[in-house]
Structure formats: C-alpha cells, structure tokens
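Worksheet: the structure to be examined is printed underneath.
Sequence lines set the chain letters: A, B, ... in the order given, protein chains first and strands last, and positions in each chain run from 1.
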There are 4 protein chains.
Amino acid sequence: QHFFTNATFSLQIKDIEVLNCEYGKNTIKFLRLHREGKKHFVKEVEVCAHLRLTSAQEYLEGNNSLVIPTDTIKNIVLVLAKKNGIPSLEQFAIDICNHFMTTFCQVVYVKTYVQEVPWQRLHEDGVPHIHSFICVPDGIRFCEAEQCRNGPLVVFAGIKDLKLMKTTQSGFEGFYKNEHTTLPERHDRILCGELFCKWSYGECKDFDFDCIWKKIRECILEAFAGPPDCGDYSPSYQKTVNCIQMLVLSRVSQVQVIEVVLNNTFYNVVDMKNLGLNNDKEVLVPVEAPYGSCACTLGRKKFFEAQGHMLRDDRKCQFGLAAAQGN
Amino acid sequence: QHFFTNATFSLQIKDIEVLNCEYGKNTIKFLRLHREGKKHFVKEVEVCAHLRLTSAQEYLEGNNSLVIPTDTIKNIVLVLAKKNGIPSLEQFAIDICNHFMTTFCQVVYVKTYVQEVPWQRLHEDGVPHIHSFICVPDGIRFCEAEQCRNGPLVVFAGIKDLKLMKTTQSGFEGFYKNEHTTLPERHDRILCGELFCKWSYGECKDFDFDCIWKKIRECILEAFAGPPDCGDYSPSYQKTVNCIQMLVLSRVSQVQVIEVVLNNTFYNVVDMKNLGLNNDKEVLVPVEAPYGSCACTLGRKKFFEAQGHMLRDDRKCQFGLAAAQGN
Amino acid sequence: QHFFTNATFSLQIKDIEVLNCEYGKNTIKFLRLHREGKKHFVKEVEVCAHLRLTSAQEYLEGNNSLVIPTDTIKNIVLVLAKKNGIPSLEQFAIDICNHFMTTFCQVVYVKTYVQEVPWQRLHEDGVPHIHSFICVPDGIRFCEAEQCRNGPLVVFAGIKDLKLMKTTQSGFEGFYKNEHTTLPERHDRILCGELFCKWSYGECKDFDFDCIWKKIRECILEAFAGPPDCGDYSPSYQKTVNCIQMLVLSRVSQVQVIEVVLNNTFYNVVDMKNLGLNNDKEVLVPVEAPYGSCACTLGRKKFFEAQGHMLRDDRKCQFGLAAAQGN
Amino acid sequence: QHFFTNATFSLQIKDIEVLNCEYGKNTIKFLRLHREGKKHFVKEVEVCAHLRLTSAQEYLEGNNSLVIPTDTIKNIVLVLAKKNGIPSLEQFAIDICNHFMTTFCQVVYVKTYVQEVPWQRLHEDGVPHIHSFICVPDGIRFCEAEQCRNGPLVVFAGIKDLKLMKTTQSGFEGFYKNEHTTLPERHDRILCGELFCKWSYGECKDFDFDCIWKKIRECILEAFAGPPDCGDYSPSYQKTVNCIQMLVLSRVSQVQVIEVVLNNTFYNVVDMKNLGLNNDKEVLVPVEAPYGSCACTLGRKKFFEAQGHMLRDDRKCQFGLAAAQGN
C-alpha cells in the first residue's frame, strides 16, 4: 500500500508551526420530544460541536489514536439530549462542553453551537393545540458555549435572520462628501435590514436563559422601532445599531458584551417623471446588492477591568470565529 | 454585420410547429407604501408577468416590431401599483391582466404571478406600531391570474412554504408489501411537512380575497391538526392532504378547484440500544433527503359540468405551469 | 381513537372530482460506483419517482392497501441501480418506469426524473486519474421518462443551469413603443443568461443517449456564440432561443420537440459622468432582479401529424409538469 | 422631531467600551470588460469593502460628519475598476486598500474581499471564441487585503466551494474508542468533501498572483488525489488536509500561512441484505447532514520569528474574521 508520507515534502515539520487545528461535526439536526400526559413539547435543534486536541499528530503524522470520531461526537450529542433533554439551548450547549472536557483528557478546547428550528405551538381560536406546531422563522435563536482547558466556560446567545422595517423616522444627513459622493442627503427614508445580534454572558449563575433571551428580543424591537405612536428618529444605521446595544445593556444586567450587525436593504424611490407620474415615496424598489452593513461590538468597562487584558484578546478572536459560524 | 439567418439551418421553418412561446419579466420586487395620516401600511410583493403574442415573428425572424420590452412590462406593473395601490394581491394580478389585454392587441395571453413578502405590523405590549414591521414567513401568500384573449379571466390563490408538524396521531399501516418492502408499519409517528396549497376561483364577483385567504389558511391548520385537545388520527399523508381539501371545499364556496402538495420530512427514531439507552420516541432525526411527496387536485363536479370538457384540458395545463412557477 | 372521517365534512365525495393525484419519492441521491480493474467510474444521481394509482381510495378513504410506500420506491430505485448500473441517465429512467409498470398492476402512471451530479475525472498534466474526481457544474444534465398504462413511454432529456455570456454581437432594436417605454434601443449590449433546454425523443431505438446529449450541448453553445472568430449578431433573446432550437432540430434527428428557456441577466453600463469619467462599456453592473425570461417550444410537424391531435394535449401538460420538476 | 437620545438609557457612554465598529458595502457586483481589437476579456467580481474610522461618534452620538457613505464606497470601487482595470483580484484588492488609506485620514482600518465569477472563454473544436464565455464554478477564487493605519498591508488569497472525491485509497482506523463509539474501522471508503483553502502572503513584491494561484490549485488537486495511476492512501481527513498544506508550503515559497477546511460528505454503503443482494460498495448514499469538518492552519516558523509575537495575535483574529466573510 502506497502512502503519502511526510518524506514526500521538501519541507520539514520542524519548520512549521500549527497555528490552529480543530475538527468536529456540523449540523447535527434532531428533535427532542417531551411529553407531559397528552401534551407534547418539541425542541428541534441543529448542533455543531468542534474539538481541539492536545496534539496535532493526526494531522501531522496520520496517527488517529487520540481522535474521537465525529460520528462519536454526534452520538454523544444525541445521548445528552436523550438523558438531559434540552432545558434551554444554552444549558444544552454547556452540557456538551462539560461532557467533552470531563470525559476526554486529550481535548484542550471545545466549542458548541446550537440553533433552534422555530416551531411554535398551533392555536385554534386562541386554544393551544396539545401536539401540533407551525414553523415561524421571525428571527432564529442560537447560542454558543466554548471552553479552553483550565479556562472559563464562555456562553454566548443570539438572534439572527431577524428582518425589520420602519417606513419613516429614518434619515442620513451631514455625512462626509468628496468628488466620489453621489448620494443625496435624506431626512425621510425607509430603514430596512436583517439583524444579527449576539451577546456574551459573564459567569452564568442560575440564569433563566429563555426569559433573558425574550427580554433582549423585546429590547431590540423597541430600540429599532421606538414608541408605537410616533417612533424614534434614526440619523443612521450606525446609531440604530448603537441604540439597540445601549438598550440591551441598560436593561439586561447579565449581558457583558454585545455585537450587532445590521445588513441594510436600501429602498429606492422609483423615479416616475418619465412615466408622467409624481411618486411621493409610494412605490419603492428594494436594492438587494450591493448592500450596506454596519457592525459594532460594545462591552461593559467593569467586566473587562475585572478580566484583565489577556482575556480581551481571546475574546476578540472568539467573536470573529463566532460570526463565521453564525452566518 | 454578420447575421445568424434562418438560411443557416438545414431545416425549414415550414417543417416546424411553434407549440408555445411566451416571455416576460420575473421577480419584479417593490414595496407599495400607503399612508393614512401618520399610520403607514405596507405591501411588498414580487411580481412575474408573462405574455404570448399573436405572432412568433420575433422568435422565428428576429422582427421585434410587436415585442413589448420586458422593461416596459416592469414599468407598467410599477405604474399600476402607483395608480391603483394593491387592494389585494388578487385584484392587483387582475388589474395587470386587464391592462395588457385592453392596451395591446398583439397580446393573446397574459399570466401574472404575485407573491407577498410577509411583513407584519410590530406590536409593543399589544399596541400596534404606526410605521414599524417585522418579517414573519410562516407560509407565503401568492396568487395568479391568467387570461387568453376571448377567454375567461382565471384567478388562483395559494399559500406555500407552510411548515407544519404534529408529534402524534399519525400512522401508516396496511400498505402494499412485496420483496422490496422494508418499512415497518407504524401507528404512532411524527407527521411533518411543507405544504403547498393552491386553489382557483370561479367567476370573481366582489370577492373579499383577503378574508377568503385567511379562512382557507385556518381550514388548512384545522384539518392538519384536528381539535386542540386531542387531534385527529391521520392514516397517511394522502388522507391528510384530502382532509385539507375537503374542509376547504366544505367551508369556502368560492373555491372551485384545489391542489395540495405535501412534502414530508420523515423523523427517524434514533436506535440507542448500542448506546445502552431505550429511546422511547424522545430523540428523532429528520431525514431531509429523500423525501416523500403527495399531491392531489380536487374540483367541484358542478363547476366542470358547467364549463364543459374543453376547459378541463386547459385547466390541467394551467395547474402544471402554475406549480412550476410556484416553486 | 378519534378519527377524521368523511362524515365530518358538509360535502359529499360524490360531488367531487379527483382531477389528479400522485405521490412519490423525491431527491433519492446515490452514487453508483463501477470498477474496471483499478480504474473507477462514478455516476452520482438524484432521482425522483412518482406514481398514480388506479384508485384514489388512499386519499378519499384512508385505505392504504394499494399504496406502495415511498420507502419501497426508494428501495426499488437503489436495487435497479445495483443490478443494472446506470448505462445512461435515460436508460436508467426507462428501467425504473418499466419496473413499476410491469410489477404493479395498480400503477396507471409513472414519471421519473434523473439528474446528474457533474463529477469529472481529475487529470494531472493531462493524465487521467484512476479514481479521483472533481465537481464541475457547467450545466446540469437531467432526463425524464414517463408512461401511462397502455400509452407510449416518453423520454425527455435536458440541460439546466447553463450560464453563458457574449460581450458583443447582441442588440435590441425596433421594438414596440408607447407611453410606458423607457428602454433605449441598443445595437451593442451584453447578452448573458441562464439556459434551460429540454427535448423529447420519439420512439427510442438503440439511441446512444450520451452521444446525443453531448452533440446537443455543442449545438447550444455554437448557436449561442456563433463562429469563434466573429460571433453572430443576436437581435433579441427570443431569436437566440430560436437559433438554438433550430440548430438542434437541424442536426439531431432524434429530437422531436425542444423547449428552451433563457433567463437573462441584464448588464447595466454604469453612468460615470457625475464621477468625471467616460465609461465606454468597460464597467457594467448585473441586474439580477427583475430579470427577463423567454421561452419557446418547437416541434417537428411530421411528428405531430403522425401522433394525432390527442397526444398534443397530453404533451402540453407534460411540459408544464416537467418544467416544474426541472426547476 | 422626536429623537432617541443617549439620555434615554439608564447607562452612561463612559461605562461602555467600543470593542469594534466597522461598516461598509457588501456584494458590489460588476463586470470589467477589456477589449484588445475584436478580442474581449472579462473579469466579473463581487467586492466587499469595510472601514473602521478614527472615532465611533456616528455610533455613539449620531454625528455623521466623518462617515463615508457606503454608496461612496461603491462608487470608489467602480471608479478604480474603470481606471485601473483588474490586473488580478489581489492587485485590485490592494488598490482599494491603498485608495482608502491615502485619501481619507479618518480611516484607521480597511478590509477588502474580492471574489470572482468563474467565466471561462468558450472553445469550439479547440478554437477560442473572441467574445463568448461559459460559467464553470469548479472552485471559486477569492482574495482579501487589509490594512491598519501604520500597519503592513496583508494579502490573502484562496479557493472555496471546490468539491473533490476519491473512490478508494481512503480509510479511518485506530481511532479512540469508548462506550459512545459505534463507527466501525474502515480501510477502504470514499473520501469526498468541499474544500476551503486560504493563504496569506508575506510582503508582496511583484508577485504574479494569477500564476501562483494556479500553482496552488494544482498542488491541492495533486495532494488530494495522489499519482494518477495509483493514488495515495489517506488515513484520515485530517491527514489529507495536512498533505495539502505541506505540499503548498513546499512548492510555493510566497505562501506564509495556509488554512484548509475540509467539509466531508460521508457515503454510506447501502445495506441490501434485506433486499437479497450483496452490495460490494457499488451503491452508496451521501449523508449531507450532519457532516464532518476539519480545519488546520499552518505557518512557516521563520515568518513568525521575524514578525514577533504581537503580530501573531492579530493574525489569529484576521483568520477568524476572514473565514466569516469567506463563507
């Protein structure tokens, strides 16, 4: 049997540094059904679980002796779901991290991503159905948990694919102009976008993750829309992003860091002069490409002062990696 | 200037029959904003409009003199939206058909498809917001209108991408078996699927299309799920499809023909015996490919007796074409 | 056990006509590996197989006794692949039709769709690799076979998702104008589109389906592009569609009917006057929505004269249904 | 006019740290057409360009005076394409970075991503066509350039969506086992996956980016497949990932860091015993979810020793962010 050995390369392993290596199983989809008498409860999720091992010998030498197969990773996720249920997405992600850290001494890092399929109980004339559900994807809930050996367990939660629109109380004026500027100033435009929001918790002590998540979703909607009878004026996508973050940090003490990405769909008022009509912002065409994107990550100063500078660098990386997975 | 002429081909036009030729503009997306004082109403849609002309000379000879450019088709759709608004998807589709039929004598057939972006008004603590909206895609509403010159205007409406699940009261037993059968009989399984439902109206006289559409959506949910306190037993996907159709035809007299397609996701109970566990339908894995599909089209006998046999053949084609576009 | 019976509905089955009902399995994906010594050959496909039964009792009454489960349909497809291999997509589709028609007397209609995953053998410095492949999706090959009991077996083949562009030798002039026309005439524009092409064979007698398919693909490219040193002028998307059809019908006698759909991406020359530049068709922006679509179906007169008028109506429906599945 | 002011929040700006904020324009799609006599050359790309400004006042205070609108960013990208053409993706990305850094003193960081639409010149009987092209997406080429003010310009290049398969010479044995292991050992399986590969260059001095990219693509294919007459045995996905990296680093001196992600589709040999057949790896079913993923990043030691430790941390973040955008 022929074998692609390291001797094949003109390069020596000693001249190489392994900057990262991790592997795992993605999109482990399953439904966890829970019954209380005749009433059924469902939680359908999609899980990714990644590991980094103490040694990179499987990469460098083809030695698999420490490799936990991704098939085993999948089995473990399903077994944990069977044994523990899914009390909340976050608790389930934490359970997975804990299992890998305590069971396998060759694991130095574990990262878990859990995303929910948005089943909602059906209602007929206001009466909840005991076992029927409808899929309502108005923003997808997800979370992450990750841990380095001897490091803290870090938990993130978030919402993605949340599409919001306000048809007035939005403008963009006073921006920087030069010879490449063709955009006119506007004080009344449509603000429409797809929102990604992810936050990290500090030390998680008996948190009611479901309750917190709902509260944050409400903050997002409130900060985006403003009061129901008049709204709030948004001077830019950036300021709207910031308002969402500030409201969450004001109201939800458990959140330490919050990242918001707003991908904007611009609505172009159709010029109908050539067609003999005056279009008073009644007919607008969405421009889906290119689209603007603005992103901001805010953190509580107290949190970082407590954690020290070293953590800050790690945290940056985690956000980058997390955004990769969240998209 | 070189020109690819018909003389290039060894084949003569007279040996050829044009079985169909149509053209048009697809995915004309726009938002129609309507204001009543400070309160805003939005209707965002995606429109397709196709035409067949009296002659195929643009295809056969490169003579464009009768061709209404697809750019003009787009302009007309936007102008109609500006002038008439979108009272309902169906009325807007009818308006487009009427415009092309009455304006252009070279048009012998027009078909319009209108699909809605599912914006819903935001609510804060139960209070509706005057100008903010959230996208909630729990089933997409669409409609079609089509007309042949000298023929009736035919209007279809429908819902697609509606994902439903019931976690019990579903089985599949007593089916045909032979040497290729490996499926066991089951009297308690999960029934989960994506539903496509489309119906045609007879002569449309002052219909409240919005009200009818909502009523049909409720029928679908009720027939799928059964009573909220116990559900209904489904002996097969096919019977569930039929129940949906029968309930709609029973309750909504305006519907003459109804097509339902149910694409099923099967949930496989994970065998955990090797893992030392007894999985009592608690952890299930969705099987997304391959998936089962069942489709049925029912019509009222009275309707077809009135219309005669010729129409029936046409109708068949329309359903085929419509399904193509609806997907 | 509660049961949703027909008595539940205010409507009687006798007032209803079943216009169509069919079911089946979609996206049955598998790889057929064939070895000749150390050399490997792969054919990966995605199959859909649909049936119509003699009675609709499973829909109307919940009686499953004639229903061949979609799981069995899948098994049969895999067994046929194991036993016969996949000599060509078309022959495999024919094999499936034949199997269902000859094995199950309750089947009155069977339709099969087979699509290929475009694996190509890897080459290193021109040397073909014995067991390595790369996926090259430059147009997807598919076919269909369908049969009604006591009717002929009809075979279609096609190519889809074929994206082509020519950067000159295309214009659009002399079209119909009215007050809604804003498109200027152009004699030099980019022609770019995604092509769908599907044709039907007459009676299939020892056809080399692979060879014919390749020949037709070459015809499409040649008719689209024209001679390599100068191209051919296209006066419209419609005429280009027709040229493709005429060239195929001229060169490939086995093709009886041919449908071509060209979905056009328009390239807009960016106006750079405001930016102080003269853009001589150097920088162009694709407009992906809305997009133009033109479709034409041509048939040989001789073929239809031989088949008679009745077939023609059926054929129309088949094309409609086929397009639905092909998308 | 109502305004959502910072006073609205119970939280003070001074308690908050801005960890990151950036904005820009995504999916700026355009075609750059270049003519040499009658021969045409096309480069169609999709560009993303993101900026970080000296101050976050637009986020925190709604002061837009330093904000370069994303519309202006788009204009600049198009103007650069018009003026400079696209000599290579990498050079174009560098040009954009340079423009923003030298033109706008309020910009402290710029990141550019450029992805190519894979148009290939059409050939007829081996003769290249002067102006016709076909889209052949057998791996998508992309690159990135990014720069902090006063920092080096960093250039990455890569390939994504490259699907490869080998039907033998792959196994997975000797792995770690415990009570959750159900995977059998195999010494002959199919190895199939989608490959993502991204590398960074050191200081870019007159590189022929097109030539290097092609050479790396060849290395990837060679390391994946092995010699055409026999292949190479792969003991794991991980080792295959490493072989690709080692071969690239061995042969292409300009590459300093290389990241490879291999997302594996497992092919399950269908058990046909119940169907009375012995399936000798002839019929296999792809398992698309869940899927395994393995990723590794290697760097040259010399490169990092020269750059020092501080750079290394930054680089980590860049890789995380880059992967986010690349997906």
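There is no contact between Tyr237(D) and chain A, counting heavy-atom distances below 4.5 Å. No part of Asn63(A) comes within reach of chain D, as not one of its non-hydrogen atoms sits under 4.5 angstrom from that chain. Only the side chain of Lys74(D) comes within less than 4.5 Å of a heavy atom in chain A; its backbone stays farther off. At a 4.5 Å heavy-atom cutoff, the contact between Ser250(D) and chain A is made by backbone and side-chain atoms alike. Both the backbone and the side chain of Val67(D) come within contact range of chain A, judged by heavy atoms closer than 4.5 Å. Only the side chain of Asp71(D) comes within contact range of chain A, with at least one heavy atom under 4.5 Å from a heavy atom of that chain. Heavy atoms closer than 4.5 Å to chain D are found in both the backbone and the side chain of Thr27(A). Interface residue Val18(D): backbone and side-chain heavy atoms are both found under 4.5 Å from chain A.
The candidate with the highest count of non-hydrogen atom pairs below 4.5 Å against chain D, out of Thr70(A), Ile76(A), Ile68(A), Thr240(A), is Ile76(A). Annotation: maximal heavy-atom pairing with chain A below 4.5 Å, among Val260(D), Val79(D), Thr182(D), Thr103(D), occurs at Thr182(D). Taking chain D as the reference chain and counting heavy-atom pairs below 4.5 Å, the highest number among Phe172(A), Tyr23(A), Phe104(A), Tyr176(A) is found for Tyr176(A). Each of Gly292(D), Cys21(D), Gly174(D), Ser293(D) has some count of heavy-atom pairs under 4.5 Å with chain A, and the biggest count is that of Ser293(D). In terms of heavy-atom pairs under 4.5 Å with chain A, the best-connected choice from Arg300(D), Glu288(D), Gln238(D), Lys29(D) is Gln238(D). Looking only at heavy-atom pairs under 4.5 Å with chain D, the residue among Ser236(A), Cys294(A), Ala56(A) that has the most is Cys294(A).
For the pair Lys301(A)/Gln12(D), no side-chain contact is recorded, criterion being any heavy-atom separation below 4.5 Å from C-beta on. Within the 4.5 Å cutoff, side-chain heavy atoms of Asn26(A) are placed close to those of His50(A). Side-chain contact between Tyr291(D) and Thr265(D): absent, with no pair of heavy atoms (C-beta onward) separated by less than 4.5 Å. Looking at Gln57(D) and Ser65(D), their side chains come closer than 4.5 Å, going by heavy atoms from C-beta outward.
Under the salt bridge (Lys or Arg N to Asp or Glu O under 4.0 Å) criterion, Glu173(D) pairs with no residue at all, not counting sequence neighbours. Not a single side chain to side chain donor-acceptor pair (under 3.5 Å) links Asn264(A) to another residue, sequence neighbours left out.
For Lys83(A), the NZ atom is loosely surrounded, since the number of other residues' heavy atoms within 6.0 Å does not exceed 12.
A salt bridge is absent between Glu146(D) and Arg52(D); no separation between the charged side-chain nitrogens and carboxylate oxygens falls under 4.0 Å.
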